[in-house]
2 protein chains.
Amino acid sequence: MPVTSPSTRQPGRAPHERSTRQKRALAAVLDGSDAFRSAQDLFTELRARGENVGLTTVYNQLRALSDAGAIDALRGEDGEVRYRRCDTDHHHHHLVCRVCGRTVEVEGPEVEEWAATVAFAHGFVDVAHTVEVLGTCDGCAKRLRSGTVGR
Amino acid sequence: MPVTSPSTRQPGRAPHERSTRQKRALAAVLDGSDAFRSAQDLFTELRARGENVGLTTVYNQLRALSDAGAIDALRGEDGEVRYRRCDTDHHHHHLVCRVCGRTVEVEGPEVEEWAATVAFAHGFVDVAHTVEVLGTCDGCAKRLRSGTVGR
DNA sequence: ATTCTTGCAAACCCTTTGCAAGCTA
DNA sequence: TAGCTTGCAAAGGGTTTGCAAGAAT
């Protein structure tokens, strides 16, 4: 007598992912900005938009998305992790404005090479590297100069 | 009539710093290792050495030392800040072993230049950058290969 | 009906702060 | 003695987890 469970189900099968209002809402917010946003920040915006999504869910989703490689995660100086939808697929780094959070994706072949060379020279293998460039973007710099103090 | 406070005391005068058993103990631990260590880690080692130093004091000191530029502070992927006595004075980056924490200070003129160029190209000013190279050092790689599993 | 998803409540963990007692100079 | 330093206790802040109710398939 055959088992009742469908034969399509395999042992290591990835679980079926479901579409929910919360996931869609979070995705919309992520799509609507190209700056790195913290979980708390995203949560606040969701509430502002009238979307009722729990903070826990925001964390749950962000982790899932990050694990799946759908978003970039970056830990800031203050220890908060910030997330951002990643457009490009290839390896790249970020140029981030410390004032408005605006980010530009940049490439740096010479940096990749340098990292590999340096690591090799010291006998390190399985190398990864993090490179972030932080600065003040032109717009913010102008604003700051003109006396319109940021804070 | 002159004020009673000594005339040697100036308004913005830096406070007198005192030498204590705790400070010396922490300094000793920091000197005894050239890897980045977390506050908790340092605290544990102090206890292991039989030195009674409070966790709060470790944090207090590390912050003071860091503010004074006497030690380097680096926030890891896990959000913990790690500290390390910094030998060299000039700007440099770190090559860190993800297994044993061993670090090598490396320079990268090309990276500095790249960062400056990229930032300039996008109109960013007042630029800073963080570059960390993470890998597995030769010793650890060998140990892992030989089946002596790390965990 | 099944099982993934949600989100409240509470736990975690690192770090900071309040403050009274302790110690250095 | 003066006031920097210590460190217990407790608060803070971001993030994770337990788990029962809810929703998608």
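In the text below, chain A, chain B and the rest are named by the order of the sequence lines, each starting its count at 1.
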Nearest whole angstrom, please: distance from the P of C:dC13 to the CZ of B:Arg75. 17 Å
Same apolar cluster (I L V M F W Y, side chains within < 4.5 Å links), B:Tyr83/B:Leu65: yes
Can you list, by residue number, the residues of residues 44-55 of chain B that have a non-hydrogen atom closer than 4.0 angstrom to DNA chain D? B:Asn52, B:Val53, B:Gly54
Treating B:Lys142 as the side-chain partner and B:Cys137 as the backbone partner, does any N or O pair qualify as donor plus acceptor under 3.5 Å? no
Side chain of B:Thr56 - closest among D:dT17, D:dG7, C:dC14: D:dG7
Rounded to the nearest Å, what distance is computed from the CG atom of residue A:Asp41 to the P atom of nucleotide D:dG13? 16 Å
Name every residue in residues 57-65 of chain B that has at least one heavy atom under 4.0 Å from any atom of DNA chain C, in order of residue number, or write none if there are no such residues. B:Tyr59, B:Arg63
Calculate the interatomic distance between B:Glu17 atom CD and D:dA2 atom P; express it in whole Å. 22 Å
Answer yes or no: is there an ion pair linking A:Arg37 with A:Glu80, defined by an N-O contact shorter than 4.0 Å? no
Whole-Å gap separating P (C:dC12) and CG (B:Asp78): 18 Å
Strand-adjacent residues in residues 18-32 of chain A, judged by heavy atoms under 4.0 Å from DNA chain D: A:Arg18, A:Ser19
Between B:Thr57 (side chain) and B:Val53 (backbone), is there a donor-acceptor pair under 3.5 Å? no
Lys/Arg N to Asp/Glu carboxylate O, A:Glu51 vs A:Arg47, below 4.0 Å: no
What I want to check is whether the side chains of A:Tyr59 and A:Gln40 have a donor and an acceptor closer together than 3.5 Å. yes
Output the single nucleotide from C:dT5, D:dG14, C:dT15 whose closest atom is nearest the side chain of A:Glu80. D:dG14
Treating B:Arg21 as the side-chain partner and B:Asn52 as the backbone partner, does any N or O pair qualify as donor plus acceptor under 3.5 Å? yes
For B:Arg24, I'd like to know if atom CZ has over 12 heavy atoms of other residues, nucleotides or ligands within 6.0 Å. yes
Short N-O contact, A:Arg143 and A:Asp138, less than 4.0 angstrom: no
Parallel, tilted or perpendicular for B:Trp114 and A:His93, by the 30°/60° rule? perpendicular
Specify the separation, in whole Å, of atom CG of A:Leu42 and atom C1' of C:dG7. 17 Å
Exercise: identify the closest heavy-atom pair between B:Ser33 and B:Ala35: OG-N, 3.2 Å
